[in-house]
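Only one structure is covered here, and it is reproduced in the block below.
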Amino acid sequence: MAGRYQPGRGTTCTLYRYRDRPPRATGVARAFRRGGRRGTRVAIMSSAKAATAIVPTRSDDYAEWYQQVVKAADLAENSPVRGCMVIKPWGYAMWENMQRVLDGMFKDTGHVNAYFPLFIPLSFLEKEAAHVEGFAKECAVVTHHRLVAKDGKLVPDPASQLEEPLVVRPTSETIIGEMFAKWVQSYRDLPLLINQWANVVRWEMRTRLFLRTAEFLWQEGHTAHATADEAVVETMKMLGVYADFAEQWMATPVIQGEKTAGERFPGAVSTYCIEAMMQDRKALQAGTSHFLGQNFAKASGIQFLDDKGVLQHAWTTSWGVSTRLVGSMIMTHADDDGMVCPPKLAPAHVVILPVTHKPEDRQRVLDYCHALKAELRQQQFAGGPLRVELDDRDLRGGDKVWQWIKKGVPLRLEIGPRDIDKDSVFVGRRDKAPKDKTSVGRGEFVATVAATLQSIQDAMLARAKAFRAEHTRDVDSKADFYAYFTPPKQKDPNAPTPIHGGFAMAHFSGDVAVEKQIKDDLGVTVRCIPLGEGEAGTCPFTGKPSAKRVVWAKSY
RNA sequence: CGGGGCGUAGCGCAGUCUGGUAGCGCACUUGGUUCGGGACCAAGGAGUCGGAGGUUCAAAUCCUCUCGCCCCGACCA
């Protein structure tokens, strides 16, 4: 086994692998596993690189970094059920915060919540041709309703076979359409503006925590309107709600645009989306809004008498965002020390870490911290009381500090006897380096905490915007386009693809064949056709005229 | 679904090639020393080596099958 790296045997460096923290010393030898157990291990030796809490780093191995952040921040883990995740309290709290805010936005735009069944009769899915084709391949199907013991095991009782199989909803257009058909008789029943918070199941081949799992949580809005115009307005309105939410709450800049025919929702007339750039420069669709025309109304029989007594099909829309948004926040904001929560959606805004080394100081410090916690909770931020954690667990200080850094809490307060004597707090901001901490008077901290959180929120959005700008460029020739999206040569064909490319803004004549060719060649697709006016130009692939530049990128 | 890799204590791994019945670091528990800090010393708890068959006196190790996870593709509403 020549050349095999053997830690602790004749080498002077120490091997650290995926441990939950790096050594304190800078200039450490770091290594991480990649691929095989033997011979293919890659040891990264770097004296210049600072130690990070997450190994590997983003630039070392982005996909692995993502998984390590999810683990280190205690957001979620894989379940015994293939492709399904358990969302842990810290991750779920982010989703709850998103839910609360979005729910408010939906209500403010006139929508009401309802709940529809998990199970959809198979025949419902068959009603809309494109819908069938789009979803058939990834449905979970229920065929029996009872188990019987057989040879000491439980098996579906053959006698309990369902006459019509039930599909676990991959989305609810069909069953909601069925109900809408009953609810709508007259133009006076319209518009119908419904949202539901639910889980859905799509039997995905390859899954990733939060980004693509077999079961996930989402909201799906479904509306029915008397006119096409009204439905289109609704479609765009909700797209705008998503874009606002992404920017203002998730600190994630997004491009609003329309999908090409190939990327359209099965059964939709047009699909709109918000697209965000992750730190590996890939695009992630963070939300979609569909104008469904009369397709589903016709399939489900949603009809009404208009004000002239004419029977018409309604015009419908649907729109949704999912727990994927949690994944997008990780990929947008997390760094090599773990999660970085946008303050407005953080499960906790502030964590107080009492420094209680000497027993005689302990009670005094804790009393001070509890009082400060109570005072901070009186403060308002982002439309609610400040969320404050007091971590008085009997752990060593450094351990606790790093746990909270990895979880991404915006503000850390370390408070010991010396701070109390000065009536001040020692503040660390998650958007700054872990050791970059400052002493601030208690009164001043409390008075400015909301502003401080807002400044972190703003800094995160600005940073994400700058990153996107840095990796977005106009591309005007096919050669440049191909060069932009071709990764550096890899010695090992099975190694992760290095980070490269970004968003290419290129003209496009709309040829489906061209789009397909580029996808086959580079794995790059049109993420969206941005809304708004654009300058006309020439498609670099066909030489045909193009109305405006579209966003090309690799994507999740 | 194709190609590659990996499943050994909570986490990260060694041990597998050359079968002899399990080890290291961190975490955990206890005691002590430390203490504005991701400490140190000592003692200790924790694993039917992913699962099922098979070969063998003997299997983490060899063979077959299977499940799961990860990477590269394919697919992706």
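By convention in this document, chain letters (A, B, ...) are assigned in the order of the sequence lines, proteins followed by strands, and residues within each chain are numbered from 1.
A:Asn78 contributes no side-chain N or O that forms a donor-acceptor pair with the base of B:G68 under 3.5 Å. For A:Arg418 against B:G36, a side-chain N or O and a base N or O form a donor-acceptor pair under 3.5 Å.
With a cut-off of 3.5 Å on both Watson-Crick or G-U wobble distances, the partner of B:A59 is given as none. Under the Watson-Crick or G-U wobble criterion, with both distances below 3.5 Å, B:G36 is left unpaired in every strand shown. The nucleotide B:C17 finds no pairing partner, because no Watson-Crick or G-U wobble arrangement with both distances shorter than 3.5 Å includes it. Judged by Watson-Crick or G-U wobble contacts below 3.5 Å, the nucleotide B:G10 has B:C26 as its partner. B:C76 is unpaired under the Watson-Crick or G-U wobble criterion, no partner having all donor-acceptor distances under 3.5 Å. The partner of B:C69 is B:G5, judged by Watson-Crick or G-U wobble contacts that both fall below 3.5 Å. Base pairing of B:G47 is not made with any nucleotide, judged by Watson-Crick or G-U wobble geometry with both donor-acceptor distances under 3.5 Å. B:A52 is paired with B:U64 under the criterion used here, namely a Watson-Crick or G-U wobble arrangement in which both key atom distances are under 3.5 Å.
Salt bridge annotation for A:Arg364-A:Asp361: present, with a cationic side-chain nitrogen under 4.0 angstrom from a carboxylate oxygen. Ion pairing of A:Asp335 with A:Arg430 is present here, as a side-chain N (NZ or NE/NH1/NH2) and a carboxylate O approach within less than 4.0 Å. We find that A:Arg527 and A:Glu263 are joined by a salt bridge, their nearest charged nitrogen and carboxylate oxygen being less than 4.0 Å apart.
Within the 3.5 Å criterion, the main-chain N or O of A:Ala231 finds a donor-acceptor partner in the side chain of A:Thr235.
Remark: the separation of the C1' atoms in B:C26 and B:U66 is 33 Å, to the nearest Å. Rounded to a whole angstrom, the distance from the P atom of B:G45 to that of B:C62 is 31 Å. Taking atom C1' in both B:G73 and B:G10, one finds a spacing of 34 Å when rounded to whole Å. B:C69 and B:C24 have their C1' atoms separated by 24 Å, given to the nearest Å. Atom name P, nucleotides B:C49 and B:A22: the rounded distance is 11 Å, in whole Å. Here, B:C41 and B:C67 have their P atoms 47 Å apart, quoted to the whole Å. For the P atoms, the distance from B:A14 to B:G25 is 15 Å, rounded to whole Å. Nucleotides B:C57 and B:U21 are separated by 13 Å at their C1' atoms, to the nearest Å.
When each of A:Thr207, A:Asn199, A:Thr323 is checked for a side chain to side chain donor-acceptor pair (under 3.5 Å) with A:Glu215, only A:Asn199 meets the rule.
At a threshold of 4.0 angstrom between heavy atoms, the contacts of A:Pro417 include nucleobase atoms, whether or not backbone atoms are also involved. Contact annotation for A:Glu414: base contact, defined as any heavy-atom pair under 4.0 Å involving a base atom. Counting any heavy atom pair closer than 4.0 Å across all strands shown, A:Lys437 reaches no nucleic acid atom. Among the heavy atoms of the strands lying under 4.0 Å from A:Arg396 is at least one base atom, whether or not backbone atoms are also near. Note on A:Thr497: only backbone sugar-phosphate atoms sit closer than 4.0 angstrom, heavy atoms only; bases stay farther off. Using a 4.0 Å heavy-atom criterion, one finds that A:Ala268 contacts no nucleic acid atom at all.
Between A:Lys71 and B:G12, a side-chain N or O to OP1/OP2 separation shorter than 4.0 Å is present. A:Arg206 has no side-chain polar atom (N or O) that falls below the 4.0 Å cut-off from OP1 or OP2 of B:C70. A close approach under 4.0 Å does not occur between any side-chain nitrogen or oxygen of A:Thr356 and OP1 or OP2 of B:C35. In this model, the phosphate group of B:G36 is not approached by any side-chain N or O of A:Lys400 to a distance below 4.0 Å at OP1 or OP2. Contact annotation: A:Arg212 side-chain N/O to B:C76 OP1/OP2 distance is not under 4.0 Å. Put simply, A:Arg208 has a side-chain N or O that comes within less than 4.0 Å of OP1 or OP2 on B:C71.
For the pair A:Ser79 and A:Asp520, both in contact range of RNA chain B, the more 5′-proximal nearest nucleotide belongs to A:Ser79. Between A:Ile415 and A:Gly262, the residue anchored nearer the 5' end of RNA chain B, judged by the nucleotide with its closest heavy atom, is A:Ile415.
Here the two rings, on A:Tyr484 and A:His500, have centers that are 6.0 Å apart or farther. Residues A:Tyr62 and A:Tyr66 place their aromatic rings such that the two centres sit no closer than 6.0 Å. Between A:Phe210 and A:Trp95, the ring center distance fails the sub-6.0 Å criterion.
One atom, CG of A:Asp394, and another, C1' of B:A27, lie 15 Å apart when rounded to the nearest Å. Rounded to whole Å, the distance from CG on A:Asp280 to P on B:C71 is 12 Å. Remark: P of B:C76 and CG of A:Leu211 are 18 Å apart, rounded to the nearest angstrom.
Of the candidate nucleotides B:G36, B:C76, B:C70, B:C76 has the atom nearest to the side chain of A:Glu204.
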